[in-house]
Amino acid sequence: MTFGEQPAYLRVAGDLRRKIVDGALPPHTRLPSQARIREEYGVSDTVALEARKVLMAEGLVEGRSGSGTYVRERPVPRRVSRSGYRPVGGSTPFRQEQAEAGGRGTWESRSEQTEASVMVAERLGVKPGDRVMCTRYVFREAGEAMMLSTSWEPLDLTGRTPVMLPEEGPLGGMGVVERMAAIEVVVDNVTEEVGARPGLAEELHVLGGVPGHVVLVVQRTFYASGRPVETADVVVPADRYRVAYHLPVR
């Protein structure tokens with residue numbers, strides 16, 4: 001792989017980025033105007049504009065209507081912990097983490113029966129259009145929305161059982177492993193795949209991001225003897241959180 005000379009707009013954006021990271025342009029400072037960038041770096045208006053666009057796309061600066069472009073406050077990333085199954089009171093991972101850390105986490109959820117999309121059907125090993133229970137969660141820390149989750153469970157497994165609704169009934173909120181055990185389904189494996197993508201508009205509306213912000217997506221699936229019994233998408237803002245794994249060595 002060979003590296004040629006950087007395009008002028010990347011060179012300018014890189015220098016401005018360094019000033020932001022080093023503190024020469026602290027949070028809430030107005031970014032140099034397009035004319036100032038043009039003069040200081042000896043570039044065209046087009047190059048100056050493209051450099052500013054790069055910084056905005058990276059989330060380092062934000063535009064304020066009628067005022068200009070300013071350096072954003074850079075959040076200190078916090079951790080969202082993921083770990084192997086721990087039978088601590090039969091609670092979900094978020095509840096366990098909050099309890100252990102003395103956190104002030106809260107959550108809200110809504111469940112509804114729906115038809116499996118092609119994607120959900122593939123992950124659950126069912127046919128598109130089969131009935132599934134879809135549950136959507138918003139997790140908050142100190143009142144701030146910090147994580148979204150959408151889970152799907154096949155109703156041919158849980159339908160008309162005490163665990164059909166994940167957050168209601170005698171085992172509501174107890175976690176997939178315990179709930180499935182109550183209907184004699186032994187969960188013995190879980191997989192997680194982590195990826196990144198631009199956040200959807202409705203996700204960023206809840207999480208407090210702006211169009212173009214990147215989110216981390218954890219695709220989790222629980223299995224019982226090779227059969228998927230629950231799959232979920234866990235979504236967190238990439239600029240504010242890191243997904244940290246703590247896994248046992250066997």
Side-chain angles (χ1 to χ4, degrees), residues 80 82 85 90-95 105-140 145-209 211-238 241 243:
V80 174
R82 313 292 296 174
Y85 169 65
S91 62
T92 63
F94 181 78
R95 289 174 170 88
T106 61
W107 52 89
E108 54 199 66
S109 64
R110 183 180 76 252
S111 295
E112 62 179 348
Q113 295 189 36
T114 186
E115 295 182 352
S117 66
V118 173
M119 178 272 292
V120 170
E122 181 178 353
R123 286 165 57 175
L124 284 179
V126 300
K127 296 178 181 178
D130 282 1
R131 303 296 291 176
V132 294
M133 183 63 69
C134 175
T135 304
R136 303 180 189 276
Y137 296 86
V138 179
F139 296 94
R140 303 182 188 278
M146 50 85 69
M147 182 167 63
L148 305 177
S149 178
T150 304
S151 69
W152 300 269
E153 295 178 356
L155 283 170
D156 66 348
L157 178 67
T158 61
R160 299 184 181 181
T161 73
V163 301
M164 184 174 73
L165 292 168
E167 294 294 324
E168 298 180 28
L171 292 176
M174 292 299 286
V176 175
V177 177
E178 289 77 14
R179 290 174 47 249
M180 293 299 167
I183 58 174
E184 300 183 348
V185 174
V186 179
V187 174
D188 55 18
N189 194 16
V190 59
T191 65
E192 291 194 347
E193 296 183 8
V194 182
R197 60 167 171 76
L200 303 178
E202 54 267 31
E203 293 169 339
L204 297 176
H205 175 72
V206 176
L207 293 171
H213 275 193
V214 173
V215 295
L216 298 175
V217 181
V218 181
Q219 290 187 1
R220 180 197 68 205
T221 304
F222 282 98
Y223 296 86
S225 299
R227 176 184 180 179
V229 299
E230 188 254 24
T231 192
D233 285 345
V234 180
V235 178
V236 295
Y241 292 91
V243 179

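Keep in mind that the numbers below use all heavy atoms, side chains included, and drop hydrogens, waters and symmetry copies.
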[atom1]-[atom2] distance between [X] and [Y], expressed to the nearest 0.5 angstrom:
{"X": "Met133", "Y": "Thr158", "atom1": "CE", "atom2": "OG1", "result": "6.5 Å"}
{"X": "Glu167", "Y": "Trp107", "atom1": "CD", "atom2": "CH2", "result": "8.5 Å"}
{"X": "Leu200", "Y": "His205", "atom1": "CG", "atom2": "NE2", "result": "13.5 Å"}
{"X": "Leu216", "Y": "Tyr241", "atom1": "CG", "atom2": "OH", "result": "12.0 Å"}
{"X": "Glu108", "Y": "Thr106", "atom1": "CD", "atom2": "OG1", "result": "7.0 Å"}
{"X": "Arg123", "Y": "Asp233", "atom1": "CZ", "atom2": "CG", "result": "4.0 Å"}

Donor-acceptor contact below 3.5 Å, side chain [X] vs main chain [Y]:
{"X": "Thr231", "Y": "Arg220", "answer": "yes"}
{"X": "Asp188", "Y": "Ser225", "answer": "yes"}
{"X": "Arg136", "Y": "Leu148", "answer": "no"}

Please report the closest heavy-atom contact between [X] and [Y], naming both atoms and the distance.
{"X": "Ile183", "Y": "Leu157", "answer": "CD1-O, 3.9 Å"}
{"X": "Leu207", "Y": "Ala145", "answer": "CD2-O, 3.9 Å"}
{"X": "Phe139", "Y": "Ser149", "answer": "CE1-CB, 3.8 Å"}
{"X": "Pro228", "Y": "Thr221", "answer": "CB-CG2, 3.9 Å"}
{"X": "Glu230", "Y": "Ser151", "answer": "OE2-CB, 3.3 Å"}
{"X": "Ala121", "Y": "Pro128", "answer": "CB-N, 3.5 Å"}

Any side-chain heavy-atom pair from [X] and [Y] closer than 4.5 angstrom?
{"X": "Val217", "Y": "Arg197", "result": "yes"}
{"X": "Val126", "Y": "Val120", "result": "no"}
{"X": "Val177", "Y": "Phe222", "result": "yes"}
{"X": "Glu115", "Y": "Arg131", "result": "yes"}

Check whether more than 12 heavy atoms from other residues, nucleotides or ligands sit under 6.0 Å from atom [atom1] of [X], and answer yes or no.
{"X": "Glu192", "atom1": "CD", "value": "yes"}
{"X": "Glu184", "atom1": "CD", "value": "no"}
{"X": "Glu193", "atom1": "CD", "value": "no"}

Practice task
Go through the steps to decide whether Asp130 and Asp156 satisfy the test side-chain contact (heavy atoms from CB on, under 4.5 Å), and finish with yes or no.
Solution key: CA-CA 8 Å; Asp130 282 1; Asp156 66 348; 5.5 Å; no
Handout entry: Check ion pair Arg179-Glu153 (N to O, under 4.0 angstrom)
Key =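 A salt bridge is present here (some side-chain N lies under 4.0 Å from a carboxylate O).
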Problem - Trace of the side-chain contact (heavy atoms from CB on, under 4.5 Å) decision for Thr150 with Val235 - result: CA-CA 9 Å; Thr150 304; Val235 178; over 6 Å; no
